[in-house]
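For reference, the structure discussed in these notes is given below.
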Amino acid sequence: MKNDESYNNYRYVIVGGGMVAGYAVKGIRQRDITGSILVISKEADVPYERPALSKKLWLDDEFTEEDIKIGAETFSEVNFKFDTSVTKINRQDKLAKLDDDTIVHYEKLLLATGGEPKRIKGPEDPHVLAFRDWSDYRRLRKFSGNGQHVVIIGGGYIGTELAASLAQNNTEVTVIFPEQSLGEGKFPEKIRAEYEEAFKENDVAILSGKTVESYDRKDDQLIVKTTDGDKITADTIVIGLGITPNIELAKTSKLDLADHGVKVDEHLQTSDPAIWAAGDIASYPDRILGRQRIEHVDHARFSGELVGQNMAGADLPYQHTPYFYSMVFNISWQAIGSINLELEQLFDQRENGTIVYFLRGNQLAGVLIWNVVVDLDDVRNLIANPPADGKLVGLLKEK
């Protein structure tokens with residue numbers, strides 16, 4: 001690939017069409033209202049708020065699919081190539097080759113390639129979804145309700161949120177996961193029982209301690225096979241086993257890597273000064289927690305908007321420490337920092353919930369907020385500046 005005036009030329013090229021891309025467009029337009037932008041997306045939709053696919057679209061009748069759009073398409077001089085991938089980057093000449101053999105020239109490039117959902121062995125089937133994007137939501141909507149049976153493989157974010165949403169939409173739900181209880185490895189034992197009980201009270205079938213080996217179809221039913229020989233029938237299967245970061249393009253482009261991601265500096269700039277990375281794939285230096293690679297929506301929003309501003313010349317350090325959150329049934333939780341269960345834990349019992357402090361030696365490493373409403377900036381400040389006397393209980397004020 002060599003540069004040529006006949007190529008498609010853009011000031012900004014964004015590889016990936018998810019949330020990071022949507023917020024990056026917003027960030028660019030805060031600093032540069034006319035520079036041409038090209039968003040290259042594997043998906044068929046404009047950038048949208050991904051969390052709504054497993055929560056709000058199922059639970060809020062007034063919230064529509066139109067409401068999840070981020071709005072990147074509303075700005076002028078923003079172009080999209082859907083159902084398209086970048087296969088190669090020529091860093092020297094600032095060229096990107098697409099899977100349709102189109103060559104695009106960029107001045108500034110953003111890698112926002114996110115992650116690829118993990119799968120299990122089995123045939124392609126319209127009723128088997130490795131749930132990730134808007135098209136998956138549309139399909140699952142058609143396959144749910146009316147007492148249909150959906151088997152969810154995995155007890156993490158996607159698995160539990162979809163289980164809760166489907167159960168509240170007249171769907172029979174079974175969740176299969178290898179841990180002995182929901183939330184094992186994530187939440188302290190004192191909290192896990194309450195978490196799993198919320199699912200059981202809402203008639204979600206829990207099959208714990210089981211690893212799925214494969215699935216197959218027999219007539220009008222799908223058959224899920226576990227490693228211990230069990231077979232569970234389903235109308236639809238949802239695979240919610242997390243993602244693998246999409247860093248192959250960065251790797252073949254010989255960009256510096258770290259933490260199974262793309263290494264960036266405090267400005268989210270890669271080892272190539274014309275290329276940035278943000279969201280799931282970015283390994284960045286967090287000002288409180290040290291170098292991190294975070295797969296969550298809060299990080300996608302904030303890193304996306306800031307990286308867009310920086311591509312347009314802002315030169316701003318990324319100083320936001322992201323938080324994690326989820327909502328299922330009557331349980332809402334947030335976390336900042338490390339909530340590694342191997343760490344010492346200090347429980348701060350409140351009237352309606354619990355705050356759990358995770359300690360590494362005498363150092364506060366993370367905070368889990370369980371059914372309590374606090375200012376998350378207060379949590380960030382507490383982790384950055386813990387009290388000298390080590391007394392944490394009662395410090396965080398409820399809103």
Side-chain angles (χ1 to χ4, degrees), residues 1-48 69-114 246-255 262 264-265 267-282 300-301 303-316 318:
M1 294 187 296
K2 291 187 177 180
N3 199 352
D4 188 296
E5 291 183 359
S6 66
Y7 292 144
N8 301 283
N9 291 282
Y10 295 90
R11 185 174 298 172
Y12 309 98
V13 171
I14 300 174
V15 184
M19 287 187 61
V20 171
Y23 281 90
V25 169
K26 286 189 169 186
I28 289 169
R29 283 292 177 255
Q30 290 172 30
R31 302 276 174 165
D32 181 350
I33 61 173
T34 60
S36 58
I37 302 173
L38 174 64
V39 179
I40 304 166
S41 177
K42 284 185 175 181
E43 296 189 42
D45 297 290
V46 295
Y48 56 88
K69 293 179 180 178
I70 292 171
E73 72 282 1
T74 63
F75 293 98
S76 62
E77 294 297 320
V78 180
N79 303 273
F80 292 89
K81 281 188 74 72
F82 298 113
D83 299 311
T84 304
S85 301
V86 174
T87 59
K88 187 177 181 181
I89 295 172
N90 176 341
R91 289 169 46 194
Q92 181 176 346
D93 297 321
K94 295 185 177 179
L95 299 174
K97 183 178 181 181
L98 313 188
D99 56 9
D100 62 2
D101 290 330
T102 300
I103 305 295
V104 173
H105 177 261
Y106 63 86
E107 293 179 29
K108 313 285 182 67
L109 181 77
L110 171 61
L111 294 179
T113 46
N246 276 328
I247 60 171
E248 191 59 33
L249 188 60
K251 189 182 297 185
T252 58
S253 302
K254 294 183 167 44
L255 296 173
V262 183
V264 296
D265 63 15
H267 300 98
L268 304 179
Q269 197 166 32
T270 72
S271 51
D272 183 324
I275 301 178
W276 286 256
D280 294 345
I281 66 168
R301 291 188 183 119
S303 69
E305 188 164 339
L306 181 128
V307 81
Q309 292 182 69
N310 283 349
M311 291 172 72
D315 198 35
L316 298 170
Y318 184 50

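Hydrogens, waters and symmetry mates are skipped; everything else that's a heavy atom, side chains included, is used. Bear in mind the structure is a predicted one, so any value in this text is a computation, not a measurement.
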Once side chain to side chain donor-acceptor pair (under 3.5 Å) is applied, do any residues pair with Lys254, and if so which ones, sequence neighbours excluded?
none
On a heavy-atom basis, which atom in [X] and which in [Y] lie closest, and how many Å separate them?
| X | Y | result |
| --- | --- | --- |
| Met19 | Tyr48 | CG-O, 3.0 Å |
| Ala250 | Leu111 | CB-CD1, 3.9 Å |
| Arg11 | Gly35 | NH1-CA, 3.6 Å |
| Thr84 | Ile40 | O-CG2, 3.7 Å |
| Val307 | Ala278 | CG1-CB, 4.0 Å |
| Glu107 | Lys94 | O-NZ, 3.6 Å |

Please report the C-alpha distance between Asn79 and Asn8 in whole Å, then the side-chain angles of each, then the deciding distance to 0.1 Å, and finally whether the side-chain contact (heavy atoms from CB on, under 4.5 Å) criterion is met.
CA-CA 11 Å; Asn79 303 273; Asn8 301 283; over 6 Å; no
Apply side-chain contact (heavy atoms from CB on, under 4.5 Å) to residues Val264 and Gln269 and explain how you reach the verdict.
CA-CA 5 Å; Val264 296; Gln269 197 166 32; 5.9 Å; no
Hey, what do you get for [atom1] ([X]) to [atom2] ([Y]), rounding to the nearest 0.5 Å?
| X | Y | atom1 | atom2 | value |
| --- | --- | --- | --- | --- |
| Ile28 | Ile33 | CD1 | CD1 | 13.5 Å |
| Asp315 | His267 | CG | NE2 | 4.0 Å |
| Trp276 | Lys108 | CH2 | NZ | 4.5 Å |
| Leu109 | Ile14 | CG | CD1 | 9.0 Å |
| Thr87 | Leu98 | OG1 | CG | 7.0 Å |

Please examine the side chains of [Y] and [X], heavy atoms only from C-beta on, and report whether any two atoms are closer than 4.5 Å.
| X | Y | result |
| --- | --- | --- |
| Tyr23 | Leu306 | no |
| Asp100 | Lys81 | yes |
| Glu77 | Arg29 | yes |

Under the side-chain contact (heavy atoms from CB on, under 4.5 Å) criterion, do Tyr318 and Ser303 qualify, and how do the steps go?
CA-CA 7 Å; Tyr318 184 50; Ser303 69; 3.8 Å; yes
For Thr113 and Asn246, indicate whether the former's side chain and the latter's backbone hold a donor-acceptor pair under 3.5 Å.
yes
For Leu255, is there any backbone N or O sitting under 3.5 Å from a side-chain donor or acceptor partner on Ser253?
no
Please determine which of Asp32, Val25, Leu110, Leu38 meets the side-chain contact (heavy atoms from CB on, under 4.5 Å) test together with Tyr12.
Asp32
Using the rule side chain to side chain donor-acceptor pair (under 3.5 Å), only one of Asn90, Asp93, Asn9 pairs with His105; which is it?
Asn9
Thr270 and Asp272: side-chain donor and acceptor closer than 3.5 Å?
no
